[in-house]
Amino acid sequence: MHTLYVVGTPIGNLEDITLRALRVLKEVGLIAAEDTRKTRVLLDHFEIRTPLTSYFEHNKLSKLDAMLVALAEHDVALVSEAGMPGLSDPGYELIRAALAQDVNVVVVPGPSAVISALVGSGLPTDQFVFVGFLPRKSGERKTFLQSLAREPRTIVAYEAPHRVVESLRDVRAMLGNRAISIARELTKLHEQFVRGTLDDAIAHFAANAPRGEFTFVIGGAPSESAAWADVAITVELSRLLGDGWPSQDAIREVTKQSGRRKREVYALWVQMKA
């Protein structure tokens with residue numbers, strides 16, 4: 001077996017490619033790309049003629065065997081559409097399969113929207129949690145956000161432009177009016193950071209249609225705000241009751257998790273039943 005190179009590529013500005021990444025992309029026998037058209041733009045810009053094959057979300061499992069065969073013949077570079085493969089992009093399954101076959105896996109570091117958005121946010125960077133893309137449906141998103149309500153570390157998430165305002169409103173409902181930094185179109189011509197509170201961000205993007213690629217950096221839960229908001233309690237009560245929990249057991253469980261008094265949780269349950 002040869003080597004699988006996991007290569008970070010620019011997230012916008014082509015000048016962010018590293019010298020090492022250019023050398024590896026020239027020397028390997030094959031490049032497995034999430035989006036061959038976008039990768040071809042990068043390769044053409046730097047006059048790299050290495051053969052390309054597609055490796056994306058919908059063929060990442062069916063092509064595993066073919067990729068392992070390729071690795072038996074020559075070195076392979078894995079690249080995503082932009083940034084580091086495996087971070088909310090295809091790559092994890094191939095890396096695991098390669099390691100299981102004792103293939104040498106080498107990471108060639110490169111740009112990352114997660115890190116770029118975090119360090120430019122002005123929010124604490126010593127500890128953070130990256131959660132990938134937020135769930136698409138509001139109900140699932142609220143339940144997911146509720147699980148982060150008492151998370152003290154800075155939270156980093158991706159979001160699609162057409163869901164930005166709706167998602168910000170759900171974050172506001174579940175986590176309160178926290179500090180947030182929203183990075184848009186990182187390293188590109190129209191790069192923008194919107195920093196402030198969630199209320200500030202909602203007002204901004206309600207007035208300015210969101211366009212481009214977005215990364216949310218959300219302040220962690222301050223100790224004095226660790227208790228759940230009312231809406232978070234009602235969402236969790238609804239979920240547990242929907243799963244068949246008896247009312248008293250659901251109230252007891254939410255009281256334990258939420259940091260609120262039992263009578264407060266009970267009062268919200270009564271409102272739900274009214």
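Other members of the cluster containing Phe193 are Ile11, Leu186, with ILVMFWY side chains joined at under 4.5 Å, either directly or via other members.
A chain of hydrophobic side-chain contacts below 4.5 Å, direct or via other Ile, Leu, Val, Met, Phe, Trp or Tyr residues, connects Leu14 to Ile31. A single hydrophobic cluster is seen to contain both Leu134 and Val165, as judged by linkage of ILVMFWY side chains at heavy-atom distances under 4.5 Å, directly or through other members. Under the 4.5 Å side-chain heavy-atom criterion for ILVMFWY residues, no single connected hydrophobic cluster contains both Phe130 and Leu145. Residue Leu25 is grouped with residue Tyr5 when hydrophobic side chains (ILVMFWY) are merged at heavy-atom distances under 4.5 angstrom, including chains of intermediate members. When hydrophobic clusters are built by joining Ile, Leu, Val, Met, Phe, Trp and Tyr residues whose side-chain heavy atoms come closer than 4.5 Å, directly or via intermediates, Ile251 is grouped together with Met272.
With values rounded to the nearest 0.5 angstrom, Leu175 atom CG is found 6.0 Å from Ile155 atom CD1. Separating the CG atom in Leu43 from the OG1 atom in Thr9 is a distance of 9.5 Å, to the nearest 0.5 Å. Put simply, NE2 on His204 and CD1 on Ile182 are 8.0 Å apart, with the number rounded to the nearest 0.5 Å. In this structure, the separation between NZ on Lys142 and OG on Ser147 is 15.0 Å, given to the nearest 0.5 Å. Put simply, CD1 on Ile218 and OG1 on Thr154 are 10.0 Å apart, with the number rounded to the nearest 0.5 Å. Within the model, atoms OG of Ser247 and CH2 of Trp269 stand 4.5 Å from one another, a figure rounded to the nearest 0.5 Å.
Using a 4.0 Å cut-off between a side-chain N of Lys or Arg and a carboxylate O of Asp or Glu, Lys188 and Glu191 do not qualify as a salt bridge. Taking the charged nitrogens against the carboxylate oxygens, Arg136 and Glu140 have no contact shorter than 4.0 Å, which rules out a salt bridge. Using a 4.0 Å cut-off between a side-chain N of Lys or Arg and a carboxylate O of Asp or Glu, Asp199 and Arg178 do not qualify as a salt bridge. One finds no salt bridge joining Asp126 and Arg153 here, because no Lys/Arg side-chain nitrogen approaches an Asp/Glu carboxylate oxygen to under 4.0 Å.
Contact check for Leu94 versus Tyr55: side-chain heavy atoms found under the 4.5 Å cut-off. Counting only heavy atoms from C-beta outward, the side chains of Thr197 and Ile180 never approach each other to under 4.5 Å. Thr215 is not listed as a side-chain neighbour of Val114, based on a closest heavy-atom distance of 4.5 Å or more. Between Thr39 and Leu52 the shortest side-chain heavy-atom distance falls below 4.5 Å. Residues Val131 and Val156 have side chains not in contact (no heavy-atom distance under 4.5 Å, counting atoms from C-beta outward). A 4.5 Å side-chain heavy-atom check between Ile202 and Arg169 finds at least one atom pair inside the cut-off. Two residues are said to be in side-chain contact when any heavy atoms from C-beta on lie closer than 4.5 Å; Glu27 and Arg23 meet this criterion. With contacts defined as side-chain heavy-atom distances shorter than 4.5 Å, the pair Pro85/Val7 does not qualify.
Within the 3.5 Å criterion, the main-chain N or O of Glu213 finds a donor-acceptor partner in the side chain of Glu185. With hydrogens and angles disregarded, no donor-acceptor distance shorter than 3.5 Å links the side chain of Arg260 to the backbone of Thr255. Ser121 contributes a side-chain N or O that, together with a main-chain N or O of Leu118, makes up a donor-acceptor pair within less than 3.5 Å. Glu34 places a side-chain N or O within donor-acceptor distance of the main-chain N or O of Glu81, the cut-off being under 3.5 Å. Ser167 contributes no side-chain N or O that, together with a main-chain N or O of Val164, makes up a donor-acceptor pair within less than 3.5 Å. In this structure, Ser112 contributes its side chain and Gly83 its backbone to no donor-acceptor pair below 3.5 Å.
The two atoms that bring Gly29 and Pro51 nearest to each other are O-CD, 3.7 Å, heavy atoms only. Of all non-hydrogen atoms in Leu198 and Asn177, the two that sit nearest each other are N-OD1, 3.2 Å. Pairing each heavy atom of Pro10 with each of Pro111, the nearest pair is CA-CG, 3.8 Å. Residue Leu42 comes nearest to Ile17 through the heavy atom pair CD2-CD1, 4.5 Å, listed as atom of the first residue, atom of the second, then distance. The two residues Trp245 and Glu253 have their closest heavy-atom pair at CZ3-CB, 3.6 Å. The minimum heavy-atom distance linking Leu123 with Gly219 is given by the pair CD1-N, 3.8 Å.
Phe216 and Tyr158 have their aromatic ring centers separated by at least 6.0 angstrom.
Residue Arg40 places its CZ atom among more than 12 non-hydrogen atoms of other residues, nucleotides or ligands, all under 6.0 Å distant. Atom OH of Tyr266 is surrounded by 12 or fewer heavy atoms from other residues, nucleotides or ligands within 6.0 Å. Remark: Phe46 CZ is packed, more than 12 non-hydrogen atoms of other residues, nucleotides or ligands lying under 6.0 Å away. No more than 12 heavy atoms of other residues, nucleotides or ligands lie within 6.0 Å of CZ in Arg37, so this atom counts as exposed by the packing criterion.
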* Walk me through it: do Thr143 and Met174 pass the test side chain to side chain contact (heavy atoms under 4.5 Å, CB included)? => CA-CA 9 Å; Thr143 298; Met174 305 310 293; over 6 Å; no
* To do: With ring-ring contact (aromatic ring centres under 6.0 Å, His included) as the test, would you mind laying out the steps for Phe133 and Phe214 before giving the verdict?
  => CA-CA 10 Å; Phe133 279 94; Phe214 286 80; over 10 Å; no
* Decide yes or no on salt bridge (charged side-chain N to carboxylate O under 4.0 Å, His left out) for Glu236 and Arg239, but give the supporting numbers first. => CA-CA 5 Å; Glu236 182 64 2; Arg239 185 185 73 82; 2.8 Å; yes
* **Evaluation steps, side chain to side chain contact (heavy atoms under 4.5 Å, CB included), between Asn104 and Val106** => CA-CA 6 Å; Asn104 186 34; Val106 175; 3.6 Å; yes
What side-chain donor-acceptor pairs closer than 3.5 Å can you find for residues 60-79, not counting sequence neighbours?
from, atom 1, to, atom 2, distance (Å)
Lys60, NZ, Glu57, OE1, 3.3
Lys60, NZ, Glu57, OE2, 2.9
Lys60, NZ, Glu93, OE2, 3.3
Ser62, OG, Asn59, O, 3.2
Lys63, NZ, Thr53, OG1, 2.5
Lys63, NZ, Ser54, O, 2.8
His74, ND1, Ala70, O, 3.4
Asp75, OD1, Thr3, N, 2.9

